[in-house]
Each structure stands twice: as structure tokens, then as C-alpha cells.
Number of protein chains: 2
Amino acid sequence: MTDWIRLDSTLALPHVDPKQFFANEKRIPKLHQALHQKTLPGNEFLGWLELPEKTDPAKVQGIVDLADDLRSCSECFLHLGIGGSYLGSRSAIEFYQAFQPKTAHTLTIHYAGIDLSPASYYRLFQSLEDREICLNVISKSGSTLETSVAFQLCLDYMKKRYSAKELKKRIVVTTDPERGALLHLAKEAGYRTLPVNPDIGGRYSVLTAVGLFPMAMMGLPVQTLLDGARLAQENLLKPSNPANAYALIQQSLPSHKIMIEALASFEPALDYFTEWWKQLFGESLGKEGKGLFPAGIHYSTDLHSLGQYLQEGRRTILETFLTIDSLPKHLSQLSQPVTNTTLTKLNEQAWKATMAAHSDGGLPCLSLQMRDTTLFTLGYLYYFMMKACAMSGYLLGVNPFNQPGVEKYKSYMRNQQ
Amino acid sequence: MTDWIRLDSTLALPHVDPKQFFANEKRIPKLHQALHQKTLPGNEFLGWLELPEKTDPAKVQGIVDLADDLRSCSECFLHLGIGGSYLGSRSAIEFYQAFQPKTAHTLTIHYAGIDLSPASYYRLFQSLEDREICLNVISKSGSTLETSVAFQLCLDYMKKRYSAKELKKRIVVTTDPERGALLHLAKEAGYRTLPVNPDIGGRYSVLTAVGLFPMAMMGLPVQTLLDGARLAQENLLKPSNPANAYALIQQSLPSHKIMIEALASFEPALDYFTEWWKQLFGESLGKEGKGLFPAGIHYSTDLHSLGQYLQEGRRTILETFLTIDSLPKHLSQLSQPVTNTTLTKLNEQAWKATMAAHSDGGLPCLSLQMRDTTLFTLGYLYYFMMKACAMSGYLLGVNPFNQPGVEKYKSYMRNQQ
């Protein structure tokens, strides 16, 4: 039977350092056990580990109902959040929408708070004119600079157009349920709130209200995502599993040679998944002078841009191909006249040819194949990656759940002011 | 007087290998002279070097007139091209549009031929329904797979809606003026053509008809871009210039430590410029097992994603910050209530704080500052980068104008079929 995520490491194994590989392989059972027994550094942030199983379907339905309520009075949905409060939901929304036969969006989503560019805000407010608006602001601490700026600007704008009573219908605040400036503000104004789980970090929060509410706003059947994640939770319970096998390869390549992992896909629907993956691995493993630098490769376009480098540049890259086995019927049969096959077949040929060429060019290549384009499989994939990332961090000897360097620029920021 | 592009290497110089730096510095005058005398490998592709000066304004006007003609009968503009036939024009169009006070687009641009995804094509043809269409297909050889597939699919679609006579008005083919399948097809069908300069490679072609025609379609004052490039050509004539200084830093960092160059910006308008830059440097220098891997960093969003890695991960990265000194008036005064300054000021503080933090974290950091958001400055920047890239390649000891590895996947592709 085909698994939901299939790992093929045939073209990477010849590149591993055998000593490191076998030593790491031996460490996995104990680390796996310790992860589940929550005895390793970062154990206060392991809420994601059993989340799929523990999530109450009634709570999920509550999120869906709240979304239905907001959507009923809106044409534009303002999503304010950055990093872990942004990439999870966006990656699912873009993936889902790409494979729908009809664009049934009655709602347009606008992402704000992801930059401080005057041009972005100028354009945003231009596009909101005369449209009915609702808003979800997401920040655990409530003090993230970019999110605060976005929220103040959008709130000022909405206050000019709506009464205080009307704003209560249109604003949902996702934040720490116990404390913080954003919680305080929401309580004062009477905005509805959703909780940020205290035991789940931003980059592991895609399956919580942080990710699920914006997805529900855009009409995604979010329970399906959780169902897929739940199957992944079950399937990856034993130490010998594909997620740990992925982590094992990542941490067994000679570190003086391989410095970068590039996640490559041939499907634009996966572009934001790649961004989510970059944060997950970059922020979890990039510390103490360690970790592979996570890069995204978007084929076919990058074949004609980075293709030369990947074929013949410095051999510093693990290239991990993320592909999709089976497309929906309305897409799988589209033909193209140049080579007289379906587009699907041609795209698959391009993937296989690229992987073979780069492998022969001396790059270690991994293949991760998703079974299909359902949210069930995507949910499975999110969980798979989080589990792989945790093990990868433990093998590397870092705490995969903290981010001690993220706040550093903020202290320098104060010096600028 | 402020220069159009200002290089500040203060935070990178402490990281260079002094021996390598001084040796490279000595080599620059001769290499510079050899570049201009066209005596080095790749000299058959140096058409870009004197292009700004040699471009006949009447020919540019011809391109603009042709664009006006096509636009007059169209609502959707199909741009078919990949790599060097795509990133140049797209980077200019996105930059230009971001800073316009009003979105005056009467024309919507659709980029096709950049992937083989059935989902992309399905969505494309859905969005073209009932709209008036025109098309520009760009391929030097006329045989690029992705472009050929796109052209056949779009041509089949347009033939169902327009007569052969009407198609002659709506299709422009940019290709080799002497030979190739695409030229042949255009001649047979009577489509108008624009030439791809035989002595300019794709990634150096942004200032030729390849880049200028799509820009003119979208209403960009393309002569301004050329004027800026022409000033850059004049200003960078002497061996001691900022473009060569940029190349010198790139090639004087210890190669066993620094493997990656990340171009970082705080302005989404520069996202596609970053993609253009990645191709320029990746394809020019990534050969013979050499070259820095080019990555793009998009702040603020990546501060909350890759920020941790850049602050504390492996110290393998040269981070080059590309920023803009002065914004148009309608943007520069936008205020934000959180820190009670303008957004412009806050975004500048974020840049300076990030660079200071990453520098103190042990990364070599470079700063490249654009004077303003005009196409004049952008034209200057394109030329600056191409000149820097040529010198960087010569210092590295590779031919910066070939791409021997790009075609390799195609031979593997034939094995798949």
C-alpha cells in the first residue's frame, strides 16, 4: 500500500558519512523515547506531539462556526501575523486553492504585518476601499513589532468605517489566553479571542487555532487536515519510521561538505509550504553555529536560474525533492501537444530527469512523495515534518524548540530609535 | 553627491582573507581592461557591455509603439518565457508598479511557461475566459521546453477564439533573428518579431527587446531604464569602481567558510529583482565546483523565519543588504502609530538593526543602497550588477557567460520519455 509520504533516500545514502550514520542510527531509539517521554530540552513545547489525537472535534467545529460568522459579513479578510503566525495557514490555503476546480472565493485574503514597507500598506488600504472587512490578528505575546504596526494601522482604518459594536463582529484576536497587551486590548474592546497554546511554539502551531482559523475563513475543511495529522501521529509512533529516517540523512552528511538543504518542488502550490518548511528547520536547527541553511527551489522556473549552480556549482547542497503522486481528475488528464503526453506526465519526467542529472552531478538527493493533493495528506505532511525536525535537532545536539537569536535584532532596534 | 548605487563594505572587510584580497585587488585592473578589450573567455557574449550607449532611441521607440499597438486591443497580456527571458522584465514591472500612486493597469499580465504544472495552466485558461488576449513568446533558440509547451497551449487556445488575421495583430515573437523553430513558425504565420541579440546571453538581456517589450506593454517608461544604465556604463568605466569593489569582496572571503551569498531586502518591490540577481550570479559563477550559492532573503517576513539561522546558525553566509534611500512622496510620509514615526523610518531602523545584529553574530554583511525608486536608478542597478558579476567570474577563474550545465537535465529527460 502506498504510504501518505514516501521517502526515497537511494540517491543520498552514497553521500553519508558511514560512521556518523551508524552512530546516529543507534541514538535514534533512545532519543525517540525521550521525545515521547518529554525528558529532553524544550520539553515544555511539545504540545504539538499529541495534538492531533487530543484535539476535540467540537472545538474545531467552534473555530469553523466562528469563521462562518465572520465571513458572512465580509468581502476582504485581513490576516495579520508573521512567521509561525503566518506561514502555516498560508501554505495550506495556497495548496488547497490551487487544486480546486473552481475559484469559489467569495472572500479575498490580504496578508499584512509581514513587512514594514510603506508601499505594501499604501496598496493595502487602496484595495480595501468600499469593501466589507473582517480581521484576524495573531501574536502569542501580543508585542511582535510588525504585527502591532499592522494591527494599529488596520484598527485605525476600520474605526473610521465601523462602530465599536460592529468591530466586535469583525475582529478576532488569536493570542496568549492568560496575558499580554493584545489580550488586554481584546478584553477591553470586547473582541472575540482564540487561544495560542502555551506549550506549542509558532513554527509548530499550524494545526492549532493559529493556523486553523484563517484556513476555515478561506473555506478549507480543517478537520480533514487534523485527521491526516492524526494518522501521521499513529504511523510515526515507532522509532523506526520515515520521519526519523529523513532526520537521519540530514544529520549524517559530512558537515564540512554539505551546508545547505534545498527543498525543491515542481508545483507552485507548494511554494508556501516550502516557506513554512524553511522556518521550521531554519529556526529549529540554526543555532550554536550549527544546522543546514534551508533554501527553497521552485521548478521549473529555477531550472533556468539556479539549474546551472545545482548541476555544476559547489557541492554543498542536499537537494530534497517534494513531489505529488496523484492530481485531481480535472488536472491529471490535461494534455500538452509538444511531446504528446499529459502535462502531469511531462512534469513528472522533468522531476525525475532533474533529480537524476543533479545526482550524477554529485549532489545528494532525497525524494519525498506526497500521495495526493488532499488536505488529509497535507496534514500528514505537516506532522511528518515537525516530527522529523524534532529528531533532527536532537541528533544535532540542539534544542529544536527554542529560538534564542530571534529577539536579538530588537535590542539593536532600540539603539536605532 | 549621492551615488546611484552606494556600496558600504565596512562590515564585510574584517572577514576577508587579506592575502586573497590584496592578490585579487592587484588582478582587477588587468581583468577590467581585458573585459573591455574582449580578450577573455566568453567574449562572444559581451554585447551587454556597451549596449546602453549603443542602443538607438528610435529602436526603443519602435518597441514602445509595437507595445501600444498590442495593448490597444487587449485586456490580458500573456508573457511566455523562463529564466533570462522572464526575470528581467518581471523584476522591473513589479518594482515599477509597487511605487505608483495609482494602479492604472488596464492590462493584466499573466506569466506562463515558468512551470509545467497542470494546476497553473488550468487556472490560466479559466482566467482568460471572455477577455481580449495578446501574447509575447520569448525564446532565443525557440526550443526551450517550458516555453514551447506554453506557446502551443496558448496558441491552440487563441486559435479557437481568433482568426489567423487577428492573431497577427495579437502575437509578438521574440527570438533569434536568423534561425530556429520559433522564427520559422512566426514567418509562416506572419507574426511580428523582435530580435534576441546573438551576443547577449539570457541573464544579461534585461535591457534588450527581451526585457523592454514586456515592460513597455505594462506601461513602463523604458528609455529611462536605459538612460540609467548608460550613466552606470560611464561611471563604471574605470577599474576602480563600486561594481568591481563588490566583486572583490565576494571573491576575497575565505572559501572554506563562506558558501552562500544572501541578497536581503526590506521592500517586497525588490522580490523579483532578487530572483533576477540569483540567476545572474548563480548561473554565471556556479560552475567547475565553484561559486557562492545565491539565496534571497525577504524581510520583514524572513526575520521571523530565517532570522534565527542568520543570527546563530552556521557562519557560512555573506549577507548583502539591498535597500532604497528615498521613497516617492506619497509613501515617505505614511506614519504608523506604534513607535510614532513614519513607516519609512521604522523600516530603515529594522534594516540597520538587523544588519548590526547579524554582523555582531559573526556574519560578513554588505550594504548596497539604491538612491531612489526611479527606473533610472533601477537601470543603473541592472548594469552595476552585470558588471560586478563579470568581474566576480573572472576573479573566480570561470567564464561568467556560459552555462554548460543548464542543458544536462534535458538529456536525462529524453531517457524518461
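Below, chains carry the letters A, B, ... as their sequence lines are ordered, and counting in each starts from 1. No hydrogens, no waters, no symmetry mates; every other heavy atom, side chains included, goes into these values.
For B:K408 and A:E312, the salt-bridge test passes: some basic side-chain N is under 4.0 Å from an acidic carboxylate O.
With chain B as the partner, the residue from A:S255, A:G84, A:S127 showing the most heavy-atom pairs under 4.5 Å is A:S255. Each of B:S85, B:G113, B:P101, B:S284 has some count of heavy-atom pairs under 4.5 Å with chain A, and the biggest count is that of B:P101. Ranked by heavy-atom pairs under 4.5 Å with chain B, the first of A:Q152, A:M259, A:E275, A:Q336 is A:M259. In terms of non-hydrogen atom pairs under 4.5 Å with chain A, the most contact-rich of B:K345, B:H358, B:E283 is B:E283.
Using a 4.5 Å cut-off between heavy atoms, A:T316 touches chain B through its side chain atoms alone. In this structure, chain B has a heavy atom under 4.5 Å from the side chain of A:I260, while its backbone stays farther away. Contact of A:L285 with chain B is not made at all, since no heavy-atom distance falls under 4.5 Å.
Within 6.0 Å of NZ in A:K257 there are 12 or fewer heavy atoms belonging to other residues, nucleotides or ligands. More than 12 heavy atoms of other residues, nucleotides or ligands shown are found within 6.0 angstrom of NZ on B:K290.
The distance from atom CZ of A:F293 to atom CZ of B:F293, rounded to the nearest 0.5 Å, is 7.5 Å. Summarising the geometry, atom CG belonging to B:L331 is positioned 9.5 Å from atom OG belonging to A:S120; distances are rounded to the nearest 0.5 Å. The structure places CE of B:M355 at 12.5 Å from OH of A:Y412, a figure rounded to the nearest 0.5 Å. Rounded to the nearest 0.5 angstrom, A:L153 CG and B:L343 CG are separated by 6.0 Å. Distance check: A:Y86 OH to B:S305 OG gives 10.0 Å after rounding to the nearest 0.5 Å. How far CG of A:L303 is from CG of B:L145: 9.5 Å, rounded to the nearest 0.5 Å.
Looking at A:Q308, its side chain does come within 3.5 Å of a backbone N or O of B:G405 through a donor-acceptor pair.
Between the side chains of A:H304 and B:E146, at least one donor N or O sits under 3.5 Å from an acceptor N or O.
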